[in-house]
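For reference, positions follow the sequence shown, starting with 1.
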Amino acid sequence: TLLFWMKDTAVYYMDTLSLAITYMASDTNSVLVPTTDTLNLSPKKSREKILKEMARKAEDDQKEFEKKLRRLERAGDSAGIAKLLEPKIDFISASLTSGSSMSILSDVTLTFKEPVTFLSDTAIHLYHKVDSLWESVPYEIEHDTINILRYYIYGEWRPGETFRINIDSASIQGLYGLHNQPIESTLRFNALNQYSTHTVNVANPQPGYTVRLHNNSGSVVRTETLENGSVDFFLLSPAEYYVSMFNDENGNGKWDTGEYESKRHAESVWYINRPWNLKQDWTHETDEWVVDNTPLTQQKPDKLLKEKTKK
């Protein structure tokens with residue numbers, strides 16, 4: 001999926017947009033060469049239809065406004081009339097992480113519905129609640145390199161502690177000129193006794209062995225390199241988990257598929273064929289895992305196989 005934001009009305013009012021896309025494709029000699037194709041994109045709704053819908057909505061909104069105004073005038077509600085007559089201001093849509101039961105490892109993000117052209121980091125304030133007082137504490141903000149609508153906020157989060165983020169008004173400007181309202185968020189992190197710990201022990205460990213923890217949908221939630229035959233997963237949210245391990249042959253910290261041209265096989269992967277239901281303030285340590293005790297075709301848990309099939 002390609003997502004474009006366009007500011008020039010002369011462009012996005014056009015009935016058809018033409019794009020030139022260049023990619024690598026095999027020629028008649030099976031050699032990869034740059035190839036360019038043209039795509040013509042047409043909107044589902046014409047500009048004329050959109051304008052008619054906007055005019056109809058504006059007319060309906062005006063009728064609703066006049067109805068409310070007459071009702072307030074009959075009631076003699078001067079305060080309500082004044083509020084109704086206040087000019088409507090559009091603000092950039094923003095979402096800031098908040099929660100009353102957060103994991104210490106949770107991402108704290110600031111997300112928008114359109115690209116941001118200006119963000120004043122001096123207008124973002126992080127506070128830590130100490131007794132009944134809010135103390136200003138340092139933080140870092142980082143723009144996501146993949147999702148340009150998202151920013152990460154990093155602080156020294158502490159288990160069992162409460163933090164607050166305040167963002168001043170008009171400190172953020174979107175691509176289409178909209179500014180932000182004041183934004184506030186409270187973050188309450190779980191105490192240490194609300195987490196779980198899981199220790200995985202492996203018999204006959206080899207250099208490069210890397211252990212992964214999966215949730216019950218099969219997604220990898222944590223990855224740790226094996227050291228001295230064991231690995232500890234701390235600060236886990238109580239839930240059901242599965243364990244796998246791969247041989248990180250190239251040391252890049254992730255599992256790599258095979259590559260036909262270089263005749264490289266995919267890195268070896270093993271599973272423990274059972275789940276672990278971790279509870280709050282609970283530590284579990286596995287017996288020594290002998291990866292060859294179970295045939296590879298029987299290692300992956302059925303739950304993970306079923307989830308993959310559904311997708």
Taking only residues two or more places apart in sequence, or in another chain, which ones meet [X] in a side chain to side chain donor-acceptor pair (under 3.5 Å)?
X: S42; result: none
X: T22; result: T36
X: R47; result: Y13
X: E227; result: none

Kindly write out the residues that satisfy side-chain contact (heavy atoms from CB on, under 4.5 Å) with T286, not counting sequence neighbours, or none if the list is empty.
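Partners of T286 by the side-chain contact (heavy atoms from CB on, under 4.5 Å) criterion, ordered by chain and then number, come out as H198, V200, N201, W276, H284.
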
If we ignore angles and hydrogens, is there a donor and acceptor under 3.5 Å between the side chains of S244 and H214?
yes

For residues 104-112, tabulate all N or O donor-acceptor pairs below 3.5 Å that involve a side-chain atom, not counting sequence neighbours.
from	atom 1	to	atom 2	distance (Å)
S106	OG	S103	N	3.4
S106	OG	S103	O	3.1
T109	OG1	T97	OG1	3.2

I'd like to check the ring-ring contact (aromatic ring centres under 6.0 Å, His included) partners of [X]; sequence neighbours left out, ordered by chain and number.
X: F233; answer: none
X: Y139; answer: none
X: W289; answer: none

Please set out all donor-acceptor pairs under 3.5 angstrom arising from side-chain atoms of residues 150-169, sequence neighbours excluded.
from	atom 1	to	atom 2	distance (Å)
R150	NE	D144	OD2	2.9
R150	NE	Y152	OH	3.4
R150	NH2	D144	OD2	2.8
Y152	OH	D144	OD2	3.3
Y154	OH	E142	OE1	3.2
E161	OE1	H128	NE2	3.0
R164	NE	N166	OD1	2.9
N166	ND2	E184	OE1	2.9
D168	OD1	H125	NE2	3.4
D168	OD2	H125	NE2	3.1

Counting only pairs under 3.5 Å, give me each side-chain donor-acceptor contact of residues 64-77, with atom names and distances, residues two or more places apart or in other chains.
from	atom 1	to	atom 2	distance (Å)
E66	OE2	Q62	NE2	3.1
D77	OD1	A79	N	3.4
D77	OD1	G80	N	2.8

Could you walk me through whether N40 and S18 pass the side chain to side chain donor-acceptor pair (under 3.5 Å) check?
CA-CA 5 Å; N40 293 319; S18 297; 2.8 Å; yes

Please table the atom pairs, donor to acceptor, closer than 3.5 Å between any side-chain atom in residues 52-61 and protein atoms at least two apart or in another chain.
from	atom 1	to	atom 2	distance (Å)
E53	OE1	K45	NZ	3.1
E53	OE2	K45	NZ	3.4
K57	NZ	D61	OD2	2.9

